[in-house]
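To keep things clear, I will list the structure first and then write my remarks on it.
All chains are named by letter (A, B, ...) in the order of the sequence lines, taking the proteins before the strands, and each is independently numbered beginning at 1. Fair warning: this is a prediction, and the values are worked out from it, not measured in the lab.
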Amino acid sequence: MEQLKSWLKERHQLAVAVYSTGAADAILARHGLSIVDFLRPLSLVNQLNVPMRVGEFSMRVQEVKLSLFAGNSMYQPKPEVIDEALRQLLTVQAQRHATLQALPNLIQHVQSEPPESINPWFASYQGEFLRLVRFTEHETLDHPAGGLFFMPAGTTQPLAVAEKLLSEAPLPLHTSGAALAPSDPLFAKHWVLLQDVGAPDMDDARALNNLAALSNIYGAANCSILRLHGSSSNSAAAGPASAVPAAVFQACRQATLPGGGAGEPEQRPQEPQGGLGQGLHPDDMAAAGALLREFAERSLLPRVEERMARLNLAVSTARKGLKNRLTRLWKGAAAEPGPSMETSYTYHSIEGQMRALADLAYLLGQYEFAVQSYRLAAQDYLSAPNSKWYAGAEEMIGLCSTLTSDPSADPLKYFNRAYEHYSKVRGRQGRMLATRTMLYAALYQAATGRHHAASMSLMRAHFDEEAARAALLLEAAAYCLLRCRPASVRKAAFHLVLAGLRYHSAKQKRLSIHCYKQVTGIYSASAWRHINEHLHDILGKQCAELGDAQGCLQHSAALLDCGHRQAAAQAHYLARFLEAVQAAGVVGPVQGLNLPQVVTDEVLVRYADQRCYSPNTPASLLPGLSSSSSSSSAAAGDGEASLAESAAAVWGQLELSLAGGEAPSTNWLDGAKQVHDGEEFNTVAAGEEIAVQVTFKNPLAIKLSLSHVRLQVQFTPAGAGSTGAGAGAAAAAADGPAAAAAAPKAEEVTVVESQFSLHPGEQLTESLLLRPLAAGWLRVTGVAWLLGGVAAGFAEFDVKGRKRKKPKGDRPSQRKHYPPSKRLVFHVLRGMPRLVLSLDGLPAEAAAGELLRLQQQPGRFVFQCAWFCEPQEPVCASMRHRVLLSHHSMAVAPLLELAGPSVSPCVQNLHCYNLRLQATASKEAPGALLLRQISCLSSGADAGWRLRSFSSSTQQLNPVRMTLEGPGLQAPHKHDFRAALLCIVPLTLKLRNCGTAAVSLTVRAAGAWEGLAADHAWHLEPGGSVDVVLQVAVFKPGVYVLDDYGVDWRCEGMVGAGGRVRQGSKVGEAVVLKVESP
Amino acid sequence: MSVVVPGGVLTFVIVGQQDHPIYEVDLTGPKEQQTQYLHQFVLHASLDAVDEAMWSSKELHLKTVDRFNNLFVTAYVTPGNARFLLLHDGKSDDAIRGFFTEVQELYLRIMLNPFHTASTRITSKPFDQKVKVLAKRMLG
């Protein structure tokens, strides 16, 4: 609070105008200074003891500070000039102080640090703003109470020069008549003859004569000579001790404005090479200090006291006392409050005198007396009404209340009143003054610790302000809110965002980003999507403008989470993102790109070596293996008997070789764990495809085009270490994770890229392929893609296994179980031959219950031995099938059994074999049926056969095929109903046994059907057919739908699984019969 | 079918734990993007005022806690500390109180769902529909 008080006192001091002739200016211009610049460092005159009487109070003035201004600069610049100067100041300050990063721990920082360190530009701006809005007509605080008139000592006509100076002295501020004219005897005047002792034409006698001449006219106390010794050439030799530092003058200088005003000249003298004040001697400063002391003591203060006495007398006569009060009451009641007058009161009007009296009392520190006078004046201004003068008086009452230590005074009330009335003043000046009032209010409240109220005052001021100032006020208000305890973080964040927006519109980009960056920390964890969208939108744009491509990319990537927006907006954001990617020129995946969304925790792995979906099923089938093989192997070879005896042993060997001899199990049928380094893996052969089904989701309402969609893999060649990935793990321990597994080379793994589009809202499961070409360990890590041909994305798989209910240990393999379809680690074995099954003539679709006859008989499956990569060793040519074992796997597929697989060598190709499979489904089910696995064995020591899956359509095989033929089905049947009421249409039902066994058939017909054939049974051999004559009886012409006929069939001599007789029925298709009368 | 109150400003938000909005509805139909931004900012900023008002009142209904220009925020805090915020342009307080009380009934039914936690987003269509009908009846 004391700090605020001293700051306020510092701001308003007795103003003194300095008038000078050009020749006098020229003497100091050699030192780079104007006369005001020279005098300002000495403006504090202390150790005085001047008794003064202010109204009924007596006081002793012990020190006085003078505000020195060049007389021709004491006016307020135009509002446009002020705003432009402030804008430049703000730009410079922003460049110097504003960071583009968020402050860590913003709230603690704001609460612990002084305000100047948080937003230093605000303090600079505020100081400059308050300085520039001085010199208004209604504030006599800034009107000069006295003047110093400088002229060169060597002038020939001192009196004429003095007269000219005085007559030209009234300058812009005085034209309105609100200020005391310099010619008034109450205006303290002091005449100074400036003498440059070092000048060649120095004439001391003339100077003394001139002084005598002036003293005669203006009095000896008001005239003096100021001699400057220092400019002689020996000053440089005297050393730095005798020089005046340039910083002394620099500190008192303020920025100049184009057109001048606000107490500063438009242009300053050129700065000499040695800095400001070069060549001046400390004795010169002492002389100037003595001059000011003499002026203050002998001229200024006595004049001020006399002036106040006169003003007080005038005011007392006109406004104080019972008579005046009654007069005012009577007049005030009669007067109608009209619209606010815009004119100013002149100095000699009673209203102007009241204000002048109050201001002088204020400047002399007599706040109590000042408040009385301001109150008296305010009544007049209010009843006039004159908003500007009234607001000025209220503002000063507020300042007086702040400066007095009276706790009952509430300055806020007066500041608010002043704000309201300044707001009524038209023009930009009124707005600026209103803002100034609220700045005072906020300063007062911040000093008393009422930060919330301070922020309210600043908010109030910002509403009608121009953008830059409004932004500054909003920002300051936000920091005030953060200083509250507890901090109003969310409100402060909103104010900072508003400030950022205003800065943006004021083209203060740097400050705008600064504000937005501060709030990202506050909003980062919030789920308010519009807020986040706005922040990323603005920050992205601003980063782009500032050339921060990475920042722009980051924000535009965050904008892609815009599923709640309309399609056009989404397309716009996507386009912006792609642009940002191009601008940033990123190599590799874009961080944070989540478009399209990839289901990373659920993938389905498909590969050729799907040996064991459910370990128990093949184990149960194993005992039947030898019997079925002996009966079905029509072309049994040499190794048949031995195989039948040791089928299980061979299976074990096969399994061992397939698993690369590294599976730690002796019997895979018991569900051997394929665990490697604590992770379950799959085994594949080199050259064979691995497919991983990955699900992509498009959360947006626009189409996304994806290209280069591919799996990301890591590959460790088999020779790289003793145990492949184990070596990788060891390397990881030594060299860090980057060395664990390298990206594969082109000859090791082929990754197939795919390309597709995702329609709005579509969820697509895509099978992505890769083909390992060399033996080793392969790990599928994730999926990568290219969005819109520009932005690369990457998603790492995070597949979760099934959690065991009772984990045995802490190792990953013990804790979780990954089914083979979810394992992403593959042990790639060297290439080996594989059985390829080709199916010819299967229709793409078949109706349930329909028997299809395919052309190839007896088998339609062709097995072929094929290599899928370069063969590494010769294959024994005498490989032969021994056993075919099949079982199903798929939950939705009907239970299927394959009866009597028969294998015969292909006639054309010795390496091909024909297989005949007969599949029966236990129930009808639509959809595809997947025959998952056919396992084959061969004799000898050759490598094992590979296992292969294929799919086919599901169908319940119905041996009977039926068609209905006859007249009336294609063309209308004609019958003359007048001749015979009953019309009998003969139809033929053709039945054929397409099955392999004899069937007995019973034809059923009901409803309109009439005929001998009904309920008659036929017997059909395989391939046989029969025509059954049916008759339809109708009584009227019309269109008849014939249904409700069918055939029950029963296979003779064929017994299915579980001793079930194979039988079924087939309902005939509905046919349309048209009967017409001729 | 969508029930909206035509014209004016009327946005209802339920704010759950950690200041996350668990339900949002604009009861006066679609708005411009900038307006949507502003409304969310005003609602989010008002949470400070709600926190303050909550401790100075014994009532669940906190009345108008905050304003920004001509946008008012009226708040209601359930005993479970879910905050109902209504952004409006000067509706009668009694009507809003009634609306909030009714919505709390609906909210309680949602909370009875054992799978719903205090921070789960409310996506129930019937709830949405009922809130809209309530708004039309009581605030429209």
Side-chain angles (χ1 to χ4, degrees), chain A residues 107 451-452 455-456 459-460 462-464 470 474 477-478 480-501 504-505 515-516 519 522-539 559 562-566 568-570 572-573, chain B residues 9 11-26 28-56 64-73 75 77 82-83 85 87 117-123 128:
Chain A
I107 299 162
H451 295 294
H452 197 270
S455 88
M456 299 276 275
M459 279 296 286
R460 199 173 173 197
H462 100 275
F463 281 114
D464 297 323
L474 279 165
C480 282
L481 284 172
L482 287 179
R483 267 181 221 113
C484 297
R485 285 176 199 263
S488 297
V489 184
R490 294 159 284 198
K491 212 170 190 58
F494 179 38
H495 287 183
L496 279 173
V497 167
L498 288 175
L501 272 177
H504 188 74
S505 55
C515 283
Y516 271 103
V519 297
I522 298 171
Y523 287 121
S524 63
S526 99
W528 297 73
R529 53 191 183 189
H530 291 306
I531 291 180
N532 286 333
E533 184 182 337
H534 173 74
L535 290 183
H536 289 301
D537 185 15
I538 295 282
L539 280 171
L559 270 183
C562 56
H564 53 284
R565 283 265 161 253
Q566 290 183 342
Q570 294 178 359
H572 171 68
Y573 286 147
Chain B
V9 179
T11 305
F12 175 63
V13 177
I14 300 178
V15 182
Q17 285 165 356
Q18 287 150 15
D19 291 354
H20 289 329
I22 55 173
Y23 175 75
E24 290 171 71
V25 61
D26 191 340
T28 49
K31 298 269 186 311
E32 276 180 23
Q33 205 160 325
Q34 298 296 335
T35 318
Q36 288 178 338
Y37 293 157
L38 178 69
H39 287 183
Q40 276 213 344
F41 273 116
V42 172
L43 284 166
H44 185 258
S46 74
L47 289 174
D48 273 326
V50 174
D51 283 357
E52 213 169 282
M54 202 157 73
W55 297 107
S56 57
T64 300
V65 291
D66 197 11
R67 61 171 291 184
F68 179 78
N69 295 350
N70 54 351
L71 298 172
F72 298 83
V73 181
V77 180
R83 286 152 287 179
L85 303 178
L87 186 79
T117 66
S119 56
T120 316
R121 253 184 188 276
I122 301 176
T123 49
D128 187 57

Tell me, please, which residues at least two apart from A:H534 pass ring-ring contact (aromatic ring centres under 6.0 Å, His included). A:Y516, B:Y37, B:F41
Of all the residues in residues 480-487 of chain A, which have a heavy atom that comes within less than 4.5 Å of a heavy atom in chain B? A:A487
How close do A:W528 and B:D19 get, counting heavy atoms only, and between which atoms?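 In this case the closest contact between A:W528 and B:D19 is NE1-O, 2.7 Å.
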Roughly how far apart are [X] [atom1] and [Y] [atom2], rounded to 0.5 Å?
| X | Y | atom1 | atom2 | result |
| --- | --- | --- | --- | --- |
| B:H44 | A:Y523 | NE2 | OH | 5.5 Å |
| B:D48 | A:H452 | CG | NE2 | 8.0 Å |
| A:F494 | B:L38 | CZ | CG | 5.5 Å |
| A:F463 | B:N69 | CZ | CG | 5.0 Å |
| A:I531 | B:H39 | CD1 | NE2 | 12.5 Å |

Please test A:R490 against B:D51 for side-chain contact (heavy atoms from CB on, under 4.5 Å), starting from the C-alpha separation and ending with a verdict. CA-CA 11 Å; A:R490 294 159 284 198; B:D51 283 357; 2.5 Å; yes
Check step by step if side-chain hydrogen bond (donor to acceptor under 3.5 Å, both in side chains) holds for B:Q36 and A:R565. CA-CA 11 Å; B:Q36 288 178 338; A:R565 283 265 161 253; 2.9 Å; yes
Between A:K491 and B:D66, does a side-chain contact (heavy atoms from CB on, under 4.5 Å) hold up when you go through it step by step? CA-CA 10 Å; A:K491 212 170 190 58; B:D66 197 11; 2.5 Å; yes
